[in-house]
**Q** 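Below is one structure. I have some questions about it.
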Amino acid sequence: METAANNQPWAKTMSRTILDYLILTKPRVMSLLLFTALGGSFIAARGVPPWQYIVVVLVGGALASGGASALNMWYEEDIDQEMHRTDHRPVAGGRIKPMNALIFGVVLNIASFAVFYFFTNVLAASLAIAGSALYVVLYTALLKRTTTQNIVVGGAAGAVPPLVGYAAILGVLELEAWYLFAVVFFWTPPHFWALSLLIKDDYARAGVPMMPVVSGEAATRVQILLYTILMLPLTVMYYFATSKLGVVYLVSAVILGLVFFALAFKLWRTGARKDTLNLYKFSLLYLFLLFVALMFDAATV
């Protein structure tokens, strides 16, 4: 009994450390990225990919996404400490040393490259690393602290997973893969700017030039509406650009797109926090449901 009691604090510390390293990988962000990567795999495979490839895409994608997120938290320790939304993160909160987070992120990215290289092909491996580099170097290090357009250019990082999933199956990138890249690329600004409207004060406190901080909320709402208008035709055009999708995808793209536009239009008119939150939440559901429809048709048409 005494030994068990003495070991309990050590066990709690170990559990807390494991949890903190898991938090470094941003599992909620990762889950959506992995889902879009699977969508690319389904399109490339013209159906359900072999289970081995699904495992590789999920494992390799998780390693790349988790590694990029860990490097992001390592680099943004100072920003995270200033924001209420992020001041509890493992590095910002002092529970994981910055150097440990850096090493962890680098190791995960190397492991991702190895998984894709040895079990699929060099293109998928290179794309996975490119996605991490776009997120860590282009967005986090170069753009986030310098321009209101950070998320527009940096959004390319979040649009890479469908390319990785596609390349893992075929070893090449065809036009239909780039359509998926474009859909996610144009989805990112409305989604992220809605979030930035919700935590505008956090960004202002940390000195991050997000659009609501620099250009104002009204200008941000206009940009959200414009990018939504640009995104929606792409999702419909994708139906006509490939023979791998059917009516389920087309109907889903139209209905989901109309709802997205209605929410963006309402936010543009009202500027209400409730409408901002509704758009942000729906944007997550939107991408998930769109890729559900895409994978369903790819597997059945």
**Q** Check whether any side-chain heavy atom of Asn109 lies under 4.5 Å from a side-chain heavy atom of Leu63, and answer yes or no.
**A** no
**Q** Without swapping roles, check the side chain of Thr242 against the backbone of Tyr239 for a donor-acceptor pair under 3.5 Å.
**A** no
**Q** Mind checking whether Ile103 and Ile18 sit in one hydrophobic cluster, side chains of I, L, V, M, F, W, Y counted as touching below 4.5 Å?
**A** no
**Q** Checking side chain to side chain contact (heavy atoms under 4.5 Å, CB included) for the pair Ile169/Ile43: CA distance, chi angles, key distance, verdict?
**A** CA-CA 9 Å; Ile169 302 297; Ile43 291 294; over 6 Å; no
**Q** With heavy-atom distances below 4.5 Å as the criterion, would you say the side chains of Tyr117 and Asn121 are in contact?
**A** no
**Q** Let's go through Tyr21 and Phe104 carefully: what are the C-alpha distance in whole Å and the side-chain angles of both, what is the deciding distance for ring pair (Phe, Tyr, Trp, His ring centres under 6.0 Å) to 0.1 Å, and is it a yes or a no?
**A** CA-CA 8 Å; Tyr21 274 98; Phe104 182 63; 5.0 Å; yes
**Q** Do Val248 and Val259 share a hydrophobic cluster, counting only Ile, Leu, Val, Met, Phe, Trp and Tyr and linking them when any side-chain heavy atoms are less than 4.5 Å apart?
**A**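 Not linked; separate clusters.
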**Q** Can you find a pair of side-chain heavy atoms, one from Val57 and one from Val164, that are under 4.5 Å apart?
**A** no
**Q** Could you pull out the closest heavy-atom pair between Ala157 and Gly131, with the gap in Å?
**A** CB-O, 3.6 Å
**Q** Taking C-beta and beyond as the side chain, do Trp187 and Leu290 meet within less than 4.5 Å on heavy atoms?
**A** no
**Q** Looking only at heavy atoms, which two atoms of Ala141 and Tyr75 are closest? And how far apart?
**A** CA-CE2, 3.7 Å
**Q** Determine whether the side chains of Asn72 and Lys26 contain a donor N or O and an acceptor N or O closer than 3.5 Å.
**A** yes
**Q** Could you give me the CA-CA distance, side-chain angles and deciding distance for Leu245 and Leu294, then say whether side chain to side chain contact (heavy atoms under 4.5 Å, CB included) is met?
**A** CA-CA 7 Å; Leu245 299 175; Leu294 180 146; 4.0 Å; yes
**Q** Take Trp268 and Val222 through the side chain to side chain contact (heavy atoms under 4.5 Å, CB included) test and state the conclusion after the steps.
**A** CA-CA 6 Å; Trp268 171 68; Val222 170; 3.6 Å; yes
**Q** Are any of the side-chain heavy atoms of Leu195 and Arg85 separated by less than 4.5 Å?
**A** yes
**Q** Counting only heavy atoms not in Phe282, do more than 12 fall under 6.0 Å of its CZ?
**A**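 Above 12, so yes.
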**Q** Does any non-hydrogen side-chain atom of Phe119 lie less than 4.5 Å from one of Val59?
**A** no
**Q** Are the side chain of Thr276 and the backbone N or O of Leu197 linked by a donor-acceptor pair below 3.5 Å?
**A** no
**Q** Among the clusters formed by ILVMFWY side chains lying less than 4.5 Å apart, do Phe116 and Leu33 turn up in the same one?
**A** no
**Q** Walk me through whether Val213 and Val208 qualify under side chain to side chain contact (heavy atoms under 4.5 Å, CB included).
**A** CA-CA 8 Å; Val213 177; Val208 180; over 6 Å; no
**Q** Mind checking whether Phe260 and Tyr286 have parallel, tilted or perpendicular rings, split at 30° and 60°?
**A** perpendicular
**Q** Fit a plane to each ring of Phe181 and Phe185, take the angle between them on a 0 to 90° scale, and name the class: parallel (under 30°), tilted (30 to 60°) or perpendicular (over 60°).
**A**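 Parallel: the ring planes of Phe181 and Phe185 meet at under 30°.
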**Q** Please report the closest heavy-atom contact between Thr146 and Pro209, naming both atoms and the distance.
**A**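 Result for this residue pair: N-CG, 3.8 Å.
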**Q** Checking Ser215 side chain against Pro212 main chain: does a donor-acceptor pair fall under 3.5 Å?
**A**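 Pair absent, no side-chain N/O of Ser215 close to backbone of Pro212.
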**Q** Within a radius of less than 6.0 Å around NZ of Lys200, do more than 12 heavy atoms belonging to other residues, nucleotides or ligands occur?
**A** yes
**Q** Indicate the atoms forming the closest heavy-atom contact of Leu289 with Leu256, along with that distance.
**A**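 Answer, listing the atom of Leu289 first, then Leu256: CB-CD1, 3.8 Å.
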**Q** Give me the atom names and distance for the closest heavy-atom approach of Val91 to Ala101.
**A**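 It is CG2-CB, 3.6 Å.
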**Q** Would you check if the side chain of Asp202 reaches a backbone N or O of His84 as a donor-acceptor pair within less than 3.5 Å?
**A**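 Looks like yes, one N/O pair under 3.5 Å.
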**Q** Side-chain heavy atoms under 4.5 angstrom apart, residues restricted to Ile, Leu, Val, Met, Phe, Trp, Tyr: same cluster for Phe192 and Val153?
**A** yes
**Q** Side-chain heavy atoms nearer than 4.5 Å, only ILVMFWY residues, links allowed to pass through others: does that put Val183 and Leu258 together?
**A**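 Per the 4.5 Å side-chain linkage, Val183 and Leu258 are co-clustered.
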**Q** Check the orientation of Tyr179 and Tyr238. Use parallel for under 30°, tilted for 30 to 60°, and perpendicular for over 60°.
**A** tilted
**Q** Should Glu77 and Arg89 count as an ion pair when the cut-off is N to O under 4.0 Å?
**A**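 Salt bridge flag = no for Arg89 with Glu77.
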**Q** To check you understand the geometry: which heavy-atom pair defines the closest contact between Pro161 and Thr36, and what is its length?
**A**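 Looking at all heavy atoms of both residues, the shortest contact is CB-OG1, 3.6 Å.
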**Q** Assess whether a salt bridge exists between Arg205 and Asp201, defined as any Lys/Arg side-chain N lying under 4.0 Å from an Asp/Glu carboxylate O.
**A**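 Not counted as a salt bridge, because no side-chain N and carboxylate O are separated by less than 4.0 Å.
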**Q** Do side-chain atoms of Thr228 reach the backbone of Ala264 as a donor and acceptor pair under 3.5 angstrom?
**A** no
**Q** Return the OG to CD1 distance between Ser126 and Ile129, rounded to the nearest 0.5 Å.
**A** 8.0 Å
**Q** Once rounded to the nearest 0.5 Å, what's the spacing between atom CD1 of Ile79 and atom CG of Asp87?
**A** 13.5 Å
**Q** Do Leu279 and Lys281 make a side-chain contact, defined as non-hydrogen atoms from C-beta onward lying under 4.5 Å apart?
**A**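 With C-beta onward as the side chain, the pair stays apart.
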**Q** With rounding to the nearest 0.5 Å, note down the distance linking CG in Leu58 to CE in Met30.
**A**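 Going from CG on Leu58 over to CE on Met30, the span is 10.5 Å.
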**Q** Donor-acceptor pair, distance only, cut-off 3.5 Å: does the side chain of Ser283 make one with the backbone of His191?
**A** no
**Q** So how far is it from Arg273 CZ to Leu267 CG, rounded to the nearest 0.5 Å?
**A** 12.0 Å
**Q** Counting distance only, does the side-chain N/O of Ser65 pair as donor-acceptor with the main-chain N or O of Gly61 below 3.5 Å?
**A** no
**Q** What's the spacing between Thr220 OG1 and Trp193 CH2 if we round to 0.5 Å?
**A**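 One finds 7.5 Å between OG1 of Thr220 and CH2 of Trp193.
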**Q** Which value, rounded to the nearest 0.5 Å, describes the distance between Arg221 atom CZ and Leu225 atom CG?
**A**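 One finds 11.0 Å between CZ of Arg221 and CG of Leu225.
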**Q** Report the relative orientation of the aromatic rings in Tyr227 and Phe186; use parallel for angles under 30°, tilted for 30 to 60°, perpendicular for over 60°.
**A** tilted
**Q** Taking Ser196 for its side chain and Met210 for its backbone only, find out whether a donor-acceptor pair lies under 3.5 Å.
**A**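 No: the side chain of Ser196 does not pair with the backbone of Met210.
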**Q** Counting only heavy atoms not in Arg145, do more than 12 fall under 6.0 Å of its CZ?
**A** yes
**Q** Can a donor-acceptor pair be found, under 3.5 Å and without considering hydrogens, that links the side chain of Trp74 to the backbone of Gly105?
**A**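 A pair under 3.5 Å: no.
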**Q** For residues Val137 and Leu142, determine if any side-chain heavy atom of one lies less than 4.5 Å from a side-chain heavy atom of the other.
**A**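 A side-chain contact under 4.5 Å exists here.
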